Structures are given as structure tokens and as C-alpha cells.
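Some notes on the structure that comes next.
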Amino acid sequence: YEQPSGPVTIPQATLLQLRTNESLDSKRAKDGQPVEFTVIRDVAVGGVLALPKGATVHGVVTEAKKAGDLGGSPVLALRLTSLDLGGQSYPLDSDQFKVKGPNKAGQTVGNAVGGGILGTIIGCAVGRGLGCAVGAGAGVAAGTAASAASPGPGVWIPAEALVTFH
């Protein structure tokens, strides 16, 4: 590649392949948290080297959402902000790299149904007709409470993970 003789504009659709320098997870990350990446493949524009392999790229967490108590999916989103090259920092604007985890609602429903079935069995064994209904209600409430008290799933981006931006 030729060395640039001035500023090089990278077209919007250009694929940037980077590696994360540290791990991130939706349970601990905060919106606005800085993130650092390393370029893993040279990016050339018109035969001119725009981003060399090994360059440091900075970004931020744009969305860090935990799963809710009873439902909702964890989310972790990142965006690039700047590039360090030759002792200078250059601004970057990119799309988001976004990871979305499983919804906790399925786990909550499973716990509530399981609790309801167990409560019905116990209630029927102890008190017959009315006991079945009371046991079912108590079981559903206990299953829902157990789900709300348990930590939900999270999403995680390990250190050295390949992430792509445009």
C-alpha cells in the first residue's frame, strides 16, 4: 500500500475488523464506558493505507442493559469514537456493534408454571378441592418470586473477541 499524503476518508460501508482489548459484560458495563480495540487487518482506500493492522481504536459502550427482574433481554452495544495513529488522535464515526441476549420472561414463566404445578400437587394432597386452588396460587407466586430473585442472563464480549464495524 501507498502511505497517505494527507487525510484519508474511509467510505461508510467499509468493514473494520477489530479485537477487543478487554472483556465486557452487560451486568457491569455502563453507558459511556470507554472501550479499546486493536485493528486486526489493514484497511486500504484506493490503494492507500488508511488503517494499519495493530492501530489502536477507541470506542464507548452506547447501551448496557441487564435483563429485568421478570423479563427483558440483556443488551450490550458499542460504537467507535477515535483512532490513534502516529501520535495523533483522529475522530471516527461507526455503526453499532450490538449483542442481545435471551429474554428472561421464558425463565419467569417456567418458574411460575413449575411452582404452580408443585403448589397444586401439595395443595391437593393436603386439602383436596379448595387446597388445590390455594396451592396453585401459592405455587405461582413462589415461582414468580424465585425468578425475580434470581439473576437473569447476561451478554458477554470476551477479551480478544473479533468485532466488526462499518
Side-chain angles (χ1 to χ4, degrees), residues 9-45 50-85 89-123 135-166:
T9 300
I10 300 170
Q12 278 189 310
T14 304
L15 181 67
L16 303 179
Q17 293 183 321
L18 311 171
R19 290 224 184 268
T20 56
N21 289 352
E22 68 265 356
S23 64
L24 292 164
D25 72 78
S26 61
K27 294 180 180 182
R28 291 183 196 86
K30 305 281 186 235
D31 289 2
Q33 176 181 333
V35 185
E36 194 171 277
F37 307 91
T38 301
V39 177
I40 62 169
R41 182 170 288 138
D42 288 340
V43 175
V45 176
L51 294 175
K53 177 181 177 180
T56 300
V57 176
H58 300 277
V60 294
V61 174
T62 55
E63 186 178 4
K65 180 179 150 194
K66 300 175 191 174
D69 287 340
L70 298 177
S73 297
V75 174
L76 190 56
L78 313 172
R79 184 177 301 274
L80 303 180
T81 57
S82 66
L83 161 72
D84 292 345
L85 196 57
S89 182
Y90 300 94
L92 286 178
D93 187 26
S94 70
D95 62 351
Q96 283 193 112
F97 177 87
K98 193 170 191 174
V99 181
K100 187 173 181 180
N103 191 320
K104 189 178 176 187
Q107 178 184 344
T108 300
V109 169
N111 287 348
V113 169
I117 291 170
L118 182 61
T120 301
I121 291 169
I122 294 170
V140 167
T144 302
S147 186
S150 67
V155 291
W156 176 61
I157 301 172
E160 299 295 317
L162 171 66
V163 292
T164 56
F165 291 88
H166 288 99

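Along the sequence shown, residues are numbered consecutively beginning with 1. Given the structure is predicted, the values throughout are model-derived calculations rather than measurements.
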Check your understanding: Any donor-acceptor pair under 3.5 Å linking the side chain of Asp84 with the backbone of Ala55?
Key -> no
Check your understanding: Can you tell me if Thr20 uses its side chain to pair, donor with acceptor, with the backbone of Ala161 under 3.5 Å?
Key -> yes
If you compare all heavy atoms of [X] against all heavy atoms of [Y], which two are closest, and at what distance to 0.1 Å?
| X | Y | answer |
| --- | --- | --- |
| Pro11 | Val45 | CD-CG2, 3.8 Å |
| Lys65 | Ser26 | O-CB, 3.7 Å |
| Val43 | Leu16 | CG2-CD2, 3.7 Å |
| Ala29 | Ala64 | O-CB, 3.3 Å |
| Pro34 | Glu22 | O-OE2, 4.0 Å |

Nearest 0.5 Å, what's the [atom1]-[atom2] distance between [X] and [Y]?
| X | Y | atom1 | atom2 | value |
| --- | --- | --- | --- | --- |
| Arg41 | Leu18 | CZ | CG | 11.5 Å |
| Thr62 | Leu80 | OG1 | CG | 10.0 Å |
| Ile40 | Leu51 | CD1 | CG | 12.5 Å |

For a 4.5 angstrom cut-off between non-hydrogen side-chain atoms, does [X] reach [Y]?
| X | Y | answer |
| --- | --- | --- |
| Arg79 | Ser94 | yes |
| Pro52 | Leu85 | yes |
| Arg19 | Leu162 | yes |
| Leu78 | Leu24 | yes |
| Val61 | Leu76 | yes |

Practice item. Could you tell me how the ring of Phe165 sits relative to the ring of Phe37: parallel (under 30°), tilted (30 to 60°) or perpendicular (over 60°)? Key: perpendicular
**Study point:** Selection residues 89-103 - residue pairs positive for salt bridge (Lys or Arg N to Asp or Glu O under 4.0 Å), sequence neighbours left out
**Key:** Glu63-Lys98
Check your understanding: Can Val39 and Val57 be said to form a side-chain contact (heavy atoms from CB on, under 4.5 Å), step by step?
Key -> CA-CA 7 Å; Val39 177; Val57 176; 3.6 Å; yes
Check your understanding: Tell me, which pairs form a side chain to side chain donor-acceptor pair (under 3.5 Å) where one or both residues lie in residues 154-164, sequence neighbours left out?
Key -> none
